[in-house]
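What follows is one structure encoded as C-alpha cells, with my remarks underneath.
All heavy atoms count here, side chains included; hydrogens, waters and symmetry mates do not. Letters go in sequence order (proteins before strands), and every chain restarts at 1.
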Amino acid sequence: MKLLIIAGPPSAGKTTVARQIIKQYLPDTRICYLKIDVVRAFEDIELAEEFHIPTKKVYSGDVCPDHVGILVLSDAITWAEQEKADILIVESAGLCLRCSPFLTQSLGIVVVSAIAGIHTPFKMSAMLGLSDIAVVTHTDLISQAEKEVFRERICEVNNSLDIIETNAIQGTGLRYLFRAIENQEPVQDPGSITLLGAPPLGVCTICVGKREIGWQNHFGMIRSLDNPDFSFRGD
Amino acid sequence: MQLQEIVEITILPGITRDGKPEGFDRIVISPGDTLSIVGPTGSGKSAFISDIEMFAHHDTVTKRTILVNGTYPPEHFIRNPAQKPVALITQNTKCLSDLTVQEFLGMHVRSRKMDETGVINRTIILANEFTGEKITASARMTSLSGGQTRSLMIADAILISDAPIVLLDEVENAGIFKEKVISCLKNHRKSLIFVTHDPLISLLSGRRIVMKNGGVDRILEPGDEEREAIAWVTRTDETLCQMREMIRAGELIRSVSCG
C-alpha cells in the first residue's frame, strides 16, 4: 500500500487534488481516505458518496490537528490494510503552517494556492521544506509573471521540490503528480514510519486552557515581546 | 533545445466530445503566424489553447498532441515557466500582488535572472502604446484598470517573458488597442493564437480555426477574400475607439466620421 500525505492551508484545494487522484486511479485501485480536521469537515462524506470508497474523519478539537494526525496514523494504516487498500490518502488541515505532517515511507504533497500571495511560500517554509511535491493550485487566476515569481519563491525555500502548477478543478498539469504517485514505493514497515521533522514545542498552559494574556501568567515555554529567547518556567 | 531555435509548433488531432477523431491532419504554426480560435461558448476554444499551453501529449481530455520543431519537447521546457516558450494572457485581468508597477516588473525580471537595465522602463513604455490610460512606474498593480493590466501583461510577455508563442484569451474585452497589439507582436516575430469573438481580430488573423463540439470543425485561410471586410471593420473599429475615448473624456459626440 502506498501512503500519500496531503497538507496545506484551508481552501488551497487539497480535497480537489485528492479527488483528482481518486478519479485517476479508480476503479482499478482500492483507495482509502482519511481527513483530519479541527471542528467540522464534510470531505469524507462527499468522497464516500461520490466514489464509494472507504473514508474516515478525525476531529482534533482542542488539540493541534497535526499532532492528532500523528497519534491516529498507525491505526489508520491498519484500517486501510484491512480494507485491502492500494493507496491511503491522508488529508490534514495543517492550520498554523509551522508543522510539517510529512512522514518517511510516504509521498508528501503540499497544496498551496497561487492566489494566497507571493510571500506565502516563505511563510509555509516548514511544510514546503519537508514535502516531496508542491501542487500550486488556482494558477488559472494569476498572470504568467506572478506564476513565475511564485515558483521562484518556492524554489528559494526548497530547491529540490517537484512543483506542479494546476487548475485542480480541471486537473490540468496533474500528469506529473500521477507519475510521482506511480513511482512511489509502498510502505515497507508501518512500525518504523516516523515524522520527517520535529513538530514545534506546543506544551504550555495556554494549550490546556489557561486564558489570561501575558507571559507572567503562564508556565512552560514562555517569552516576552522584546526578548526573542524562550525560557522554561515550571516544574 | 533553446528558445531561439523554435521554428514551429505542430498540433496533432485529438477527438471531439463524442469521441470522433478531429477532421484535420495537422496544424503547423510558424513564427509570425496569427491564428484565431472561434466558435460558440463551450465549443472547446479554451481547451484548445490549454492543450498548447501545457504541451498536451495525448494525455488531456481532447487527446491532442503538441510538437515543437516536429518532436515532443523535453520536460523542463514544459514545466519551468522561465523556459517555457508559451506565454498565456488569460481573460483574468486582476493582479494580486499589492506592489507598484516597477516593483512587480522588477520581481519578474529578477525571477528570470535577467539583466535589469532598462527592461522595466521599456516594458512600461510599450504597455502605454496599447492603452489610452497612462500607466506609471509608481502606480500600484492593484489599482490598474483591466485594460492597463492586460496591456502591461502583454508588454511583459513580449519583453520580459520573451516567449515565442503568445496565447491571448479574449483580449478584446479589456479595452486595449487591439490592432497595435497585433502589429507589435507580429513585429517581434511572435506566433499569436487568439481565442476571440471579435470581428477585427478574427479577420486580421491569417487563419481561423472554427471549433465545434470540443473539436476543430474547420480551418479557414481566407487570404485576400475578406479584404473588403477587413478594410470596413478596421475603419469602424477606429471610429469606435475614438468614440470610446471621447465618451471617457466626457465629450458630446455630435458627428460620426466613419467610412
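Using a 4.5 Å cut-off between heavy atoms, B/Leu99 contacts chain A through its side chain alone, with no backbone atom that close. No part of B/Leu105 comes within reach of chain A, as not one of its non-hydrogen atoms sits under 4.5 angstrom from that chain. For B/Val109, no part lies under 4.5 angstrom from a heavy atom of chain A. B/Ser50 touches chain A through its side chain: at least one heavy atom from C-beta onward sits under 4.5 Å away, while N, CA, C and O do not.
From B/His108, atom NE2 reaches atom NZ of A/Lys147 across 10.5 Å, with rounding to the nearest 0.5 Å.
Between B/Met54 and A/Gly173, the shortest heavy-atom contact is CE-N, 3.3 Å. In this structure, B/Ser111 and A/Glu152 approach most closely via the heavy-atom pair O-OE1, 3.4 Å.
Identified under the salt bridge (Lys or Arg N to Asp or Glu O under 4.0 Å) test for residues 162-174 of chain A, with sequence neighbours left out: A/Arg151-A/Glu165, A/Asp162-B/Arg79.
No more than 12 heavy-atom neighbours from other residues, nucleotides or ligands sit within 6.0 angstrom of CD1 on A/Ile169.
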How far apart are the C-alpha atoms of B/Arg110 and A/Glu156, what are their side-chain angles, what is the distance that settles it, and do they pass the salt bridge (Lys or Arg N to Asp or Glu O under 4.0 Å) test? CA-CA 13 Å; B/Arg110 278 192 300 280; A/Glu156 271 180 51; over 6 Å; no
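Residues of residues 174-190 of chain A that come closer than 4.5 Å to chain B, counting heavy atoms only, are A/Arg175, A/Tyr176, A/Arg179, ordered by residue number.
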